[in-house]
J.: 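First the structure, then my questions, so here it is.
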Amino acid sequence: MAEVDLVASDIAYDKDRIEVMVGQPLKINLQNEGALEHDFSIMEVPHTGEVHAEEMHEESDHDMSHMEMDPEVHVASPIGSSHSVEFTPSEAGEYEFFCTVEGHKDAGMVGTLVVKDS
């Protein structure tokens, strides 16, 4: 399994590119070091099996009501916490990841998941 630590601050990720191979299980550990809530989301990415996100145990007011549809891959991290999501990409390509908190994507909180053929 590939494991990537991704740090969210205000308003950016510490990585704007993540590379994995087709069929390689991926675990994203989202650590929120910002003063605002952040998340990691991919709207559509072909994958095998289920997407497993670590459940939030803290109180959260994470609101995605402004989204037209739910992302296929999503994990939120309240201020000062770390949560993870696991999935296995099944098709090569480039897939945008971003923070769904309103205004964060527009402010540049985006990146690219690059899935390469083996």
Side-chain angles (χ1 to χ4, degrees):
M1 173 178 291
E3 193 164 341
V4 175
D5 293 327
L6 185 65
V7 177
S9 60
D10 301 323
I11 295 180
Y13 295 117
D14 70 334
K15 296 173 183 64
D16 63 5
R17 185 177 177 92
I18 298 170
E19 295 184 10
V20 295
M21 302 300 290
V22 167
Q24 179 180 32
L26 173 61
K27 180 177 183 178
I28 301 287
N29 299 310
L30 179 64
Q31 182 176 346
N32 185 349
E33 293 183 354
L36 305 167
E37 183 172 19
H38 294 296
D39 67 17
F40 172 90
S41 299
I42 301 175
M43 290 307 295
E44 294 184 45
V45 58
H47 58 87
T48 57
E50 293 187 20
V51 175
H52 297 282
E54 180 183 18
E55 294 295 324
M56 292 190 305
H57 299 290
E58 299 91 355
E59 286 295 316
S60 173
D61 59 354
H62 190 70
D63 178 15
M64 292 196 323
S65 63
H66 64 282
M67 303 285 296
E68 291 182 21
M69 61 185 265
D70 289 338
E72 281 189 18
V73 175
H74 175 81
V75 65
S77 278
I79 301 163
S81 68
S82 181
H83 293 283
S84 61
V85 62
E86 297 178 23
F87 64 103
T88 304
S90 61
E91 288 185 23
E94 294 189 359
Y95 306 95
E96 180 183 60
F97 64 83
F98 62 97
C99 182
T100 67
V101 175
E102 200 160 8
H104 290 198
K105 180 179 178 183
D106 292 338
M109 201 163 182
V110 298
T112 304
L113 172 68
V114 179
V115 182
K116 299 180 176 183
D117 270 324
S118 51

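On a predicted model such as this, the values are computed, not experimentally measured, just so you know.
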J.: When rounded to the nearest 0.5 angstrom, what distance separates CG in N29 from CZ in F40?
T.: 11.0 Å
J.: State the OG-CD distance between S81 and E33, to the nearest 0.5 angstrom.
T.: 11.0 Å
J.: Is there a side-chain contact (heavy atoms from CB on, under 4.5 Å) between D39 and H74 once you walk through the steps?
T.: CA-CA 7 Å; D39 67 17; H74 175 81; 2.9 Å; yes
J.: If you look at every heavy atom in R17 and E19, which pair is closest and at what distance?
T.: NE-OE2, 2.8 Å
J.: Does K15 NZ have over 12 foreign heavy atoms under 6.0 Å away?
T.: yes
J.: What heavy-atom pair brings A8 and L30 nearest, and what distance separates the two atoms?
T.: CB-CD1, 4.0 Å
J.: On a heavy-atom basis, which atom in I79 and which in A35 lie closest, and how many Å separate them?
T.: CD1-O, 3.3 Å
J.: Could you give the distance from CD (E54) to CD (E86), rounded to the nearest 0.5 Å?
T.: 9.5 Å
J.: Transitively linked via ILVMFWY side-chain contacts under 4.5 Å: M1 with I18?
T.: no
J.: Is there a path of hydrophobic side-chain contacts, each under 4.5 Å between heavy atoms, that joins F97 and V7?
T.: no
J.: Listed by chain and number, what are the ring pair (Phe, Tyr, Trp, His ring centres under 6.0 Å) partners of H47, not counting sequence neighbours?
T.: none
J.: Is a donor on one side and an acceptor on the other found under 3.5 Å between the side chain of Y95 and the backbone of V115?
T.: no
J.: Among K27, H52, E3, exactly one meets side chain to side chain contact (heavy atoms under 4.5 Å, CB included) together with S84. Which residue is that?
T.: K27
J.: So, applying side chain to side chain contact (heavy atoms under 4.5 Å, CB included) with I28, which one of V75, V85, D5 is it?
T.: V85
J.: Measure across E37 and A76 and return the closest heavy-atom pair with its distance rounded to 0.1 Å.
T.: OE2-CB, 3.9 Å
J.: Under 4.5 Å between side-chain heavy atoms, counting indirect links through other Ile/Leu/Val/Met/Phe/Trp/Tyr residues: same cluster for F98 and V73 or not?
T.: no
J.: Heavy atoms, side chains only, cut-off 4.5 Å: are E44 and M69 in contact?
T.: yes
J.: For the residue pair V51 and E72, what are the closest heavy atoms and their distance?
T.: CG2-O, 3.7 Å
J.: Is it true that a side-chain atom of S77 and a backbone atom of H83 form a donor plus acceptor pair closer than 3.5 Å?
T.: yes
J.: Closest approach of T88 and P25, non-hydrogen atoms and distance?
T.: OG1-CA, 3.5 Å
J.: Could you pull out every donor-acceptor pair under 3.5 Å between side chains of residues 104-113 and any protein atom, sequence neighbours left out?
T.:
unit_1 : atom_1 : unit_2 : atom_2 : d
H104   : ND1    : H38    : ND1    : 3.2
K105   : NZ     : E96    : OE1    : 3.1

J.: Are L6 and V101 connected in a single hydrophobic cluster, I mean Ile/Leu/Val/Met/Phe/Trp/Tyr linked by side-chain heavy atoms less than 4.5 Å apart?
T.: no
J.: Should F87 and V22 be regarded as members of a common hydrophobic cluster, given that ILVMFWY residues are connected when their side-chain heavy atoms come within less than 4.5 Å of each other, either directly or indirectly?
T.: yes
J.: For D14, does the CG atom have more than 12 heavy-atom neighbours from other residues, nucleotides or ligands under 6.0 Å away?
T.: yes
